[in-house]
Number of protein chains: 2
Amino acid sequence: MDLKALSLHLNLSMTTVSRALNGYSDVSLKTRQRVIEAAQTLGYQPNPVARSLARGKANAIGIVYPLEAGDVADPRFLEVVSGITEGLAPAKIDLLLASATHKGELDTYDRLVHGRRVDGFIVARTLRHDERIDYLRQTGVPFLAYGRSAQCNDYPWFDFDNEAGSVLAVERLVALGHRRIAYIHASLDYNFAFQRHAGFLQGMRMAGLAPEAQWLLPAGLARRSGYTAMSRLLDQPALPSAVIIDNNLAGVGAVRAMLDRGIAIGRDLSVIVYDGIPPDTLLTLKMTSVVQPTQQESGLRMAQLIQKVIAGDDLLADLQMLCQPEILPGESDGPCRP
Amino acid sequence: MDLKALSLHLNLSMTTVSRALNGYSDVSLKTRQRVIEAAQTLGYQPNPVARSLARGKANAIGIVYPLEAGDVADPRFLEVVSGITEGLAPAKIDLLLASATHKGELDTYDRLVHGRRVDGFIVARTLRHDERIDYLRQTGVPFLAYGRSAQCNDYPWFDFDNEAGSVLAVERLVALGHRRIAYIHASLDYNFAFQRHAGFLQGMRMAGLAPEAQWLLPAGLARRSGYTAMSRLLDQPALPSAVIIDNNLAGVGAVRAMLDRGIAIGRDLSVIVYDGIPPDTLLTLKMTSVVQPTQQESGLRMAQLIQKVIAGDDLLADLQMLCQPEILPGESDGPCRP
DNA sequence: GTGAAAGCGCTAACAG
DNA sequence: CTGTTAGCGCTTTCAC
């Protein structure tokens, strides 16, 4: 069932049918209803390829996921993707997922852009200095960054207020009487980690506290690195009374390290972790957490945003969305005990 | 730079240029080289949308990932996807990822099929009785199943020989002197779990052993359910000397449960787990495992297969691929000690 | 309010 | 071997 058949069936021109279906104004109400009904009963579905060709749009947006053989995939990424596809579906826009090796990533963008396969991109896992963003900005391809890079004034992004989250965490601990606060963080090449780190320093400064260099520990986005970092922290002669961990994978490892040493979490040592504890974990402790919209929700919002970006009739300011985190109180922190 | 511009530049017809670029035989070698070189230097990239329209093919395959809000995404899925996209890229075929709620899943297939957005599908997470497969078979849409369903004779699939894997595991334990063997498994609605379970029973039968009903424990695809299952097993008055676990998420939990009870893995209790221990885990024990091609490798092979399926000139037998698992010896099993 | 006709960029018969 | 000519199915000026 194509447009021609449908219009023949209705004794109308393809033009009219097309306009009726696409909600143009200059069609009589009666005709429109007749057309829509016939389309429904005959099960007419416009061919998206033909439509794309005629309109010069791909009706698809791309997302490139850099994943080497042997890499561990990030389950949260899939959840974002799920939200994105859901938010894109009503507009009949598809999500094209391309994976690329880290070094071949720009080529992949290039292929997709020049091949006119997508109308725009979502760039995930933003780095502080991100050559993908530089590249896209330079080529003028519409895109939305999931996370800001260092230079974030002149392109659209969706992000969390990472500084604010850390400040909230510090404030809470300070209110509980803590003054010796440690911080475990992922690589500062990730901009979210950089921002959270900056927020931690700022929160400390605001509270009149000086962060101790030996209590600022790098870890990674992995359970094991969190375990190691926490172990190293606990090996020190002078211990903090509280610790903030900037991602929940490292968080799992850190908590396990404390348990292994018989430390009473929330009493001996207060802990606040970003995003709580991941869903499928053996730990049952309710962690005090910095929480943000879920990955799915974020995906949904990003779907709306990227559509606006592509439409191109919004001000840049309306294409930059910063979500405010909150503190979800749990049982992993408590008053500072001398 | 489009085809017309390129042919104008070369003083050739669009036809000839098109044929030269698409590797048709009836073009003189000289012309072809000239064309290819010009295309390269001028950076010509054919418009895939136009090509799709002309050829009546979407040049994309779809993969539907059912993910409800709140579900935990399976990182391995992303690894498969990565392999698939990689394998599809040389043929300029895109991977369209659509997520769907469980109940809306068939609608999603329908939309993609009738919208002619894809030439075929890969169906992941196959169930033993899978309505998606029934649906696709019935509508005649080309597809490849990642995992067989109960009725698997008349459609293409890629799968592991799950029965064989369990038999291997049992045989190894029996050779080590074990006779009391427990089995922890995911929901038997998943066909892989059903098959591994069947393989376990078969292996026991072949060894002249009768499986004990109370040592067959259901768990899920999750750490915590593995922990629970193993705890329940260890609470029993009579204990087995070995246990096989059919997935590595439950495996993590089970191992942790043993450690928490001070059980010496490989001495007090021998353990074999499918797929080893997942990458980012706090456990360091080298597990004896049933191993299979990695997710990425599987994805690559599936990419080849689905292309054959779509081409449609292979026998069904060549479109069904069964990979043989192997045993990777580790430190988690040992001789049965009375 | 409706229709005729010209593309969108490429492929594929069919001639030569 | 190469070129001419129709499409693929839809959108969109431009007339009426």
Side-chain angles (χ1 to χ4, degrees), chain A residues 1-36 38-39 42-60 91-94 112-119 311, chain B residues 1-36 38-39 42-60 91-94 112-119 311:
Chain A
M1 170 80 352
D2 62 4
L3 191 58
K4 194 187 311 193
L6 181 60
S7 43
L8 229 56
H9 176 92
L10 285 164
N11 260 334
L12 285 171
S13 73
M14 286 166 56
T15 314
T16 304
V17 175
S18 167
R19 275 194 297 230
L21 257 21
N22 287 300
Y24 279 57
S25 58
D26 50 358
V27 181
S28 80
L29 192 66
K30 228 181 74 188
T31 310
R32 161 162 298 138
Q33 287 178 334
R34 211 161 63 88
V35 169
I36 291 180
L42 297 182
Y44 168 73
Q45 291 238 57
N47 181 324
V49 178
R51 166 177 275 174
S52 289
L53 182 59
R55 290 223 255 236
K57 302 187 51 178
N59 291 310
K92 309 231 174 194
I93 297 178
D94 291 314
L112 259 40
V113 172
H114 278 104
R116 302 167 196 78
R117 307 201 149 210
V118 298
D119 301 316
Chain B
M1 169 82 349
D2 61 5
L3 191 57
K4 196 190 305 194
L6 181 59
S7 42
L8 230 54
H9 177 91
L10 284 163
N11 260 334
L12 285 170
S13 73
M14 285 166 57
T15 315
T16 304
V17 175
S18 168
R19 276 193 297 233
L21 256 21
N22 287 298
Y24 280 58
S25 57
D26 51 358
V27 181
S28 78
L29 192 67
K30 227 180 77 189
T31 309
R32 162 161 296 135
Q33 287 178 334
R34 209 159 65 89
V35 170
I36 290 179
L42 296 181
Y44 167 73
Q45 292 240 57
N47 181 326
V49 178
R51 166 178 277 176
S52 289
L53 183 59
R55 288 221 260 234
K57 303 188 48 178
N59 291 311
K92 309 232 174 192
I93 297 178
D94 291 314
L112 260 41
V113 172
H114 278 103
R116 304 169 194 75
R117 308 202 149 211
V118 299
D119 300 316

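Throughout, a chain's letter reflects where its sequence line sits, starting with A, and its residues are numbered from 1.
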Collect all protein-nucleotide pairs involving nucleotides 12-16 of chain C in which both atoms are nitrogen or oxygen and the distance is under 3.5 Å.
{"residue": "C:dA12", "atom": "OP2", "partner": "B:Tyr24", "partner atom": "OH", "Å": "2.7"}
{"residue": "C:dA12", "atom": "N6", "partner": "B:Thr15", "partner atom": "OG1", "Å": "3.0"}

Practice task
Would you kindly give the CG-to-P distance between A:Leu29 and C:dG1, to the nearest whole Å?
Solution key: 10 Å
Exercise for the section: Return yes if some donor-acceptor pair links the side-chain N/O of A:Arg19 with the main-chain N/O of A:Val27 below 3.5 Å, else return no. Expected result: no
Problem - B:Arg32 CZ to B:Ser25 OG distance, which is reported to the nearest 0.5 Å - result: 8.0 Å
Practice task
Send over the distance from B:Met1 CE to C:dC10 C1', rounded to a whole Å.
Solution key: 15 Å
Exercise for the section: Using a heavy-atom cut-off of under 4.0 Å over every strand shown, decide if B:Ser52 touches base, sugar-phosphate, or nothing. Expected result: nothing
Fill in the blank from the handout: Walking DNA chain D from its 5' end, the first of B:Leu53 and B:Thr16 to be reached, judged by nearest nucleotide, is B:Thr16
Practice task
Can you measure from CD (A:Gln45) to CG (A:Leu6) and round to the nearest 0.5 angstrom?
Solution key: 12.0 Å
Practice task
Evaluate the side-chain contact (heavy atoms from CB on, under 4.5 Å) criterion for residues A:Val35 and A:Thr16: first the C-alpha distance (whole Å), next the side-chain angles of each, then the deciding distance (0.1 Å), finally the verdict.
Solution key: CA-CA 9 Å; A:Val35 169; A:Thr16 304; 5.5 Å; no
Fill in the blank from the handout: note: B:Gln45, atom CD; C:dC10, atom P; distance rounded to Å ~ 11 Å
Handout entry: Euclidean distance, A:Ser7 OG relative to A:Leu21 CG, rounded to 0.5 Å
Key = 10.5 Å
Problem - Check: B:Asn47 side chain, B:Val49 main-chain N or O, donor-acceptor pair, under 3.5 Å - result: yes
Completion exercise
DNA chain D: first to last nucleotide in contact with chain B (atom under 4.0 angstrom from a heavy atom), 5' to 3', is D:dC1 to D:dG9
Exercise for the section: Please check if the side chain of A:Arg116 supplies one atom and the backbone of A:His114 the other of a donor-acceptor pair under 3.5 Å. Expected result: yes
Practice task
Measure from CZ on A:Arg32 to P on C:dG1 and round the result to the nearest Å.
Solution key: 10 Å
Handout entry: B:Asn47 side chain near C:dC8 phosphate (N/O to OP1/OP2, under 4.0 Å)
Key = no
Problem - N/O donor-acceptor pair under 3.5 Å between A:Arg34 side chain and A:Leu10 backbone - result: yes
Fill in the blank from the handout: To the nearest angstrom, the CG-C1' distance between B:Asp26 and C:dT11 comes to 13 Å
Handout entry: Value rounded to 0.5 Å, distance of OG1 in B:Thr15 from CG in B:Leu3
Key = 8.5 Å
